[in-house]
Amino acid sequence: METLSLAKSFEGMQGVYRHRSEACQCDMTFALFLPPQAKAEPVPLLWYLSGLTCTHQNVMDKGEYRRKAAELGMAIICPDTSPRGEHVPDEKDNWQFGSGAGFYLDATEAPWATNYRMASYIADELPALVAANFPLDMQRQGICGHSMGGHGAITLALKHPGRFKAVSAFAPIARPMVAGWSRPAFEKYLGPDEAAWRAYDSVALIEDGHRLPELLVDQGKADGFLEDGLRPWLLEAACAKAGIPLQLNMRDGYDHSYYFISTFFADHVAWHAQRLG
């Protein structure tokens, strides 16, 4: 693992790191903020999964999470959203697929299956790497994300019961297998059999019996993707039917941008901290 940068912030340390990923068969970069409490003891870890077109950098620069994380003693990890590199297949003119659009799944179709294995990377490889190299209490993990990353956070938590003690999302893609901006990506990554898509769809996973102890979602009412792409009411209905407590905050006037995320990120950090101890 290579350290790309270190910067002191709120008495903690914001780092950016690069390593060779076996899951994605390329170099991967991630950001990790360690609060000042990590100097004395292992600290709980909150995963933040970014949305379409983003890297680790967007939320690191715009998320405004470090003050609250330092106050509450929580590490924040921000992985990249897809594999990258000259040898990694891509559709350069399609922002909803390929580079920056890994959808936190393991692709099964050529030529994507070799590199686009973000589910395995986030669930297995990266946790093992950071646990071995940083003072983190891996028994106290939470996960959150935005848009495509909100979809990733919820689906990963549903499929790994007990690992994440708290789960939240900003404007998640609630039903990606039928949403206009994600369905084409699912078909390219996973093939035409829609039964295979259900493993990466929050509503389908809940319908199929997967459960969470509770869920927090913030959604802007002025979000331009609300009707076609996000549709939180589908997640709300699925949670209600399954008996999953869902706190859905519909925020007047807020859009899909980092202005929205940065407004409420500290609230999410505090919500996770209460549940992680």
Side-chain angles (χ1 to χ4, degrees), residues 44-51 74 77 79 102-106 108 117-128 131 136-179 182-183 186 189-190 193-219 229-250 264 267-277:
L45 176 65
L46 176 60
W47 294 79
Y48 175 86
L49 306 185
S50 293
M74 182 175 295
I77 186 168
F103 278 94
Y104 302 101
L105 52 76
D106 283 349
T108 56
R117 299 185 55 79
M118 291 300 295
S120 292
Y121 176 68
I122 299 296
D124 301 318
E125 184 176 13
L126 190 53
L136 302 172
D137 182 352
M138 302 301 282
Q139 299 303 310
R140 293 189 290 163
Q141 294 185 71
I143 191 167
C144 68
H146 171 234
S147 192
M148 178 185 74
H151 133 77
I154 297 170
T155 56
L156 283 164
L158 285 166
K159 290 191 291 185
H160 295 86
R163 176 181 299 187
F164 302 105
K165 310 302 183 186
V167 187
S168 71
F170 302 94
I173 306 174
R175 197 78 164 95
M177 62 186 290
V178 299
S182 49
R183 180 179 173 85
F186 272 42
Y189 284 136
L190 301 172
D193 182 6
E194 295 187 18
W197 303 4
R198 297 182 68 83
Y200 302 105
D201 183 292
S202 298
V203 171
L205 284 166
I206 293 171
E207 290 175 347
D208 293 344
H210 296 267
R211 295 292 182 264
L212 295 172
E214 61 179 325
L215 179 61
L216 168 67
V217 173
D218 272 285
Q219 171 66 62
L230 305 174
R231 299 180 292 176
W233 48 86
L234 299 178
L235 180 62
E236 185 176 32
C239 287
K241 186 175 181 180
I244 299 173
L246 167 63
Q247 180 181 333
L248 175 60
N249 301 317
M250 299 298 296
F264 299 105
D267 293 344
H268 280 239
V269 172
W271 187 86
H272 280 267
Q274 288 177 345
R275 285 148 182 83
L276 299 182

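None of these values were measured; they are calculated from a predicted model.
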Side chain to side chain donor-acceptor pair (under 3.5 Å) pairs touching residues 163-179, sequence neighbours excluded, are Ser168-His268, Ser168-His272, Arg175-Asp201
Hits for side chain to side chain donor-acceptor pair (under 3.5 Å) against Asp124, two or more places apart or cross-chain, chain-then-number order -> none
To the nearest 0.5 Å, atom CE of Met74 lies from atom CG of Asp137 at 11.0 Å
**Prompt:** So do Leu212 and Phe164 actually touch side chain to side chain, heavy atoms under 4.5 Å?
**Reply:** no
(Q) I want to check something: taking the side chain as every heavy atom from C-beta on, are Arg198 and Leu205 in contact at a cut-off of under 4.5 Å? (A) no
Between the CD1 atom in Ile173 and the OH atom in Tyr104, the distance rounded to the nearest 0.5 Å is 10.0 Å
Sorted by chain and number, sequence neighbours left out, side chain to side chain contact (heavy atoms under 4.5 Å, CB included) with Gln247 holds for Leu216, Asn249, Trp271
Taken in chain and number order and not counting sequence neighbours, the residues that satisfy ring-ring contact (aromatic ring centres under 6.0 Å, His included) with Tyr200 are none
Ser202 and Ile154 have their tightest heavy-atom pair at OG-CG2, 3.4 Å
Output for pair (Ile244 CD1, Leu158 CG), nearest 0.5 Å, gives 6.5 Å
Requested in this report: Compare all side-chain heavy atoms of Pro176 with those of Trp197 and state whether any distance is below 4.5 angstrom.
Outcome: no
Closest non-hydrogen atoms of Leu46 and Ile143, given as atom of the first, atom of the second and distance, are CD1-N, 3.7 Å
So Leu235 and Leu215, do their side chains get closer than 4.5 Å, heavy atoms only?
yes
In short, salt bridge (charged side-chain N to carboxylate O under 4.0 Å, His left out) pairs touching residues 229-247 with sequence neighbours left out are none
Next item on the list: Decide yes or no for Ile77 and Leu136: does some side-chain heavy atom of the first lie under 4.5 Å from some side-chain heavy atom of the second?
Entry: no
Tightest non-hydrogen contact, residues Gln219 and Pro232, listed as CG-CG, 4.0 Å
To the nearest 0.5 Å, atom SG of Cys239 lies from atom CG of Leu234 at 11.0 Å
In terms of heavy-atom contacts, Met177 and Ala204 come closest through SD-CB, 4.2 Å
What one should report as the nearest heavy-atom pair of Gly145 and Ala153 is N-CB, 3.9 Å
Is a salt bridge present between Arg117 and Glu125, judged by a nitrogen-to-oxygen distance below 4.0 Å? no
Closest non-hydrogen atoms of Tyr48 and His146, given as atom of the first, atom of the second and distance, are OH-CB, 3.1 Å
Sequence neighbours excluded, the answer for ring-ring contact (aromatic ring centres under 6.0 Å, His included) partners of Tyr121 is His19
Do other residues, nucleotides or ligands put more than 12 heavy atoms under 6.0 Å from the CD atom of Glu207?
yes
* Report yes or no: does Arg140 contribute a side-chain atom to a donor-acceptor pair with the main-chain N or O of Leu45 at less than 3.5 Å? => no
Could you check whether any side-chain heavy atom of Trp47 comes within less than 4.5 Å of a side-chain heavy atom of Leu126, counting everything from C-beta outward?
yes
